[in-house]
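Along the sequence shown, residues carry numbers from 1.
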Amino acid sequence: MASFNKVMLMGNLTRDPELSYTSNGSAVTSFCLSVNRKFKQGDEWKDDVWFVDITDWGKQGENCAE
């Protein structure tokens, strides 16, 4: 049986989304998010930043670029 995983990322855009089209006309949008988290290590608070590259295809890609 196939499984389905859903992920919700909330962060800041690091650059404007870039919309392009494949040779058969499908939309492709790429962008990057920075996701921050703050955690305590011993008595000290630390910041950790993750950069996530994202690619959207088709209608969702077109809607993302608007």
Which residues satisfy the side chain to side chain contact (heavy atoms under 4.5 Å, CB included) test with [X], sequence neighbours excluded?
X   : result
S26 : T22, N24
K40 : W45
D53 : R15, C32

Quick one: list whatever passes side-chain hydrogen bond (donor to acceptor under 3.5 Å, both in side chains) with W50, sequence neighbours left out.
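Counting only residues at least two positions away or on another chain, W50 forms a side-chain hydrogen bond (donor to acceptor under 3.5 Å, both in side chains) with D48.
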
Among residues at least two apart in sequence or on other chains, which ones pass salt bridge (charged side-chain N to carboxylate O under 4.0 Å, His left out) with D16?
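For D16, no residue satisfies salt bridge (charged side-chain N to carboxylate O under 4.0 Å, His left out) once neighbours in sequence are set aside.
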
Count I, L, V, M, F, W, Y as connected when their side-chain heavy atoms are under 4.5 Å apart, and connections chain through other members. Are M8 and V52 then in the same cluster?
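M8 and V52: separate clusters.
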
Mind checking whether V35 and L13 sit in one hydrophobic cluster, side chains of I, L, V, M, F, W, Y counted as touching below 4.5 Å?
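Looking at the clustering, L13 is in the same group as V35.
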
Can you name the closest pair of heavy atoms from L9 and L33 and give their distance?
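In this case the closest contact between L9 and L33 is CB-CD1, 4.0 Å.
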
Quick one: name the residues clustered hydrophobically with F51, using the 4.5 Å side-chain heavy-atom rule over I, L, V, M, F, W, Y, and just say none if it's on its own.
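Once heavy-atom contacts under 4.5 Å are chained together, F51 belongs with V49.
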
Measuring from atom OG1 of T55 to atom CZ of F31, what distance do you get when rounded to the nearest 0.5 angstrom?
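Between T55 OG1 and F31 CZ, I get 8.5 Å after rounding to 0.5 Å.
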
To the nearest 0.5 Å, what is the distance between OG1 (T29) and CG (L19)?
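Here the interatomic distance stands at 4.5 Å.
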
